[in-house]
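Atoms within each ligand, like the ligands themselves, are counted from 1 in listed order. A quick note: this is a predicted structure, and the numbers were derived from the prediction, not measured.
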Amino acid sequence: MSIHIPFDNSYARLDERFFTKMNPTAVKAPSLIALNAPLAADLGLDADALTTPDGIAALAGNLVPDGAAPLAQVYAGHQFGGWSPRLGDGRAILLGEVVSPDGQRFDIQLKGSGPTPYSRMGDGRAWVGPVLREYIVSEAMHALGVPTTRALAAVSTGDIVLRENPLPGAILTRVASSHIRVGTFQYFASQKDTEALAALTDHALARHDPDAQGVLGLLDGVIQRQAKLIAQWMGFGFVHGVMNTDNMTVSGETIDYGPCAFLDSYHPMQVFSSIDQQGRYAYGRQPDMAMWNLAQLATSLLPLIDEVETAQASLDRFPELFRAAWIETFRAKIGLQTPTEGDGALIEDLLTRMAQGQADFTNTFRALGTDKARAEFVDPALYDAWDITWRERLAKENTTPEDRLKDLHHTNPALIARTHRIEQAIEAAVAGDFAPFERLSKALRNPFSDPGEMADLARPPTEDEVVAQTFCGT
Ligand code: AMP
Ligand code: MG
């Protein structure tokens, strides 16, 4: 076999309680949509080999590379607050793990790879829309500096997937520092399998908190990573949309790009997902929902913890950890370097005005201090009043205006993956034209640069372009 991947499969070395060993189901006519060559290089993989017929067959699940140990992982989870005792990889197969040249371990998973024992009513497949969305948004998040699963490749399958309409099938190759979820721990806790819970804890510690001590060390690590992650989401106006416990990793990487969206105009209670009727996962509720999920993790770990109070104490730190990360994020977004009392109020005042003024979240921060920023507000006076206070505060900083502008531009992106652009790229791809997808992906690799000829991608949607609702797209 000409395709060589140096697998080292630590998850597969756990026992059958953790997964079902099985191969992906072959597809009709695989063809490559995109290969992420820089990521392949980071992983120590041969990008050229992955574009050969054997490489593409491997990315489609038609050929299982030597050394792979394909399996579907089991997990459980709370979905919109309701308990599902058994979810698991219903449309994904973990091929195995590789250790990159710089010593980091990564899962390589095919998503859309056919039915598994965890598929329930689903077909185990994905269509090209969600695959391209995940490719675009996860790579955009990475370019913004947000911890995330990555997209190594997208292939079309040549098969038709039936949703409301017949749609072209596709498979995403997802790379993650692991696929262990809060829901993985919940599964073994609900099974009252303390031995498996302990084995999973050791496995997760080895991968994500090698220097931490025991189960409380893991819990603290997850809490710290999630506090930082959610603060970053907030800082880029990212709405995950489906923060179920099975969609929260212990690695601290963003996972599962279903109905997610970046805010255009700012509103703290913005919801996009068509299935989120109650606004459970609205932009501004994400910190509380993370806390809720972490409480489920702590509860699941209790059989391994001697004193409930210590777990509670860990959990109770989340709000302050999040608040500190949030202030740090937004302080940088308004160009402040020296923490000062009152910064939080200054930030919140701007956000309140942005909501009132229906200001575009990304473009306002990018343009702070200029006419472009005030023009984002339905009533520019809303901005002007804040600008005066802001400048008084800036006067107490030690930076020059030139340096500050540079910092602001390194912190506040010009480009985010706007939902209407993603939809346009998907629509074109379904019609066989991948150029908009490629152009958008390329632009999003440098979100902090001035977009130049890609400036149209920085524009909020026109009335005709607005995408009011997003879908899980399963
Ligand atoms: P998600 O909403 O993407 O987090 O998925 C929740 C659960 O539904 C997971 O266990 C998925 O594997 C499963 N699932 C979603 N879509 C499909 C599908 N098309 N076929 C089988 N299982 C699916
Ligand atoms: Mg999921």
Which heavy atom in [X] sits nearest to a heavy atom in [Y], and how many Å separate them?
X      : Y      : answer
Phe238 : Tyr283 : O-CD1, 3.9 Å
Thr419 : Ala261 : OG1-CB, 3.4 Å
Thr364 : Ala359 : OG1-CB, 3.3 Å

Considering distance alone, does some N or O of [X] sit under 3.5 Å from an N or O of ligand 1?
X      : answer
Gln79  : no
Val242 : no
Asp89  : no
Tyr118 : no

For atom 11 (C) of ligand 1, which of the options Pro115, Gly88, Ala72, Gly122 provides the nearest non-hydrogen atom?
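Shortest heavy-atom distance from atom 11 (C) of ligand 1: Gly88.
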
Nearest to atom 22 (N) of ligand 1 by heavy atom, Ser84, Gly77, Gly90: which?
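That would be Gly90.
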
Taking only heavy atoms of [X], which atoms of ligand 1 are found under 4.0 Å from at least one of them?
X      : value
Asn247 : 4 (O)
Asp256 : 1 (P), 3 (O), 4 (O)
Arg163 : 19 (N)
Gly124 : 18 (C), 19 (N), 20 (N), 21 (C)
Leu87  : 10 (O)
Tyr75  : 9 (C), 10 (O)

Within the 3.5 Å criterion, strictly below it, is a donor on Asp102 or Ser100 matched to an acceptor on the partner's side chain?
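A pair is found: one side chain offers a donor N or O, the other an acceptor, under 3.5 Å apart.
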
Glu465 and Gln424: side-chain donor and acceptor closer than 3.5 Å?
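Yes, a side-chain donor-acceptor pair sits under 3.5 Å.
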
May I have the step-by-step check of salt bridge (Lys or Arg N to Asp or Glu O under 4.0 Å) for Glu97 and Arg13, ending in yes or no?
CA-CA 11 Å; Glu97 300 153 35; Arg13 290 194 283 271; 5.9 Å; no

Report, as yes or no, whether the 6.0 Å neighbourhood of atom CZ on Arg17 holds more than 12 heavy atoms from other residues, nucleotides or ligands.
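Atom CZ in Arg17 is packed in, count exceeds 12.
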
Is the Mg ion (ligand 2) less than 2.8 Å from an N/O/S atom of Asp256, whether that atom is in the backbone or a side chain?
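Yes, within the cut-off.
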
With a cut-off of 2.8 Å, does Asn247 put an N/O/S atom close enough to the Mg ion (ligand 2)?
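Yes.
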
Does any non-hydrogen side-chain atom of Thr201 lie less than 4.5 Å from one of Phe185?
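Heavy-atom side-chain distance check passes, below 4.5 Å.
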
Looking at side-chain heavy atoms only, is the closest gap between Ile33 and Glu438 below 4.5 Å?
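They are not in side-chain contact.
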
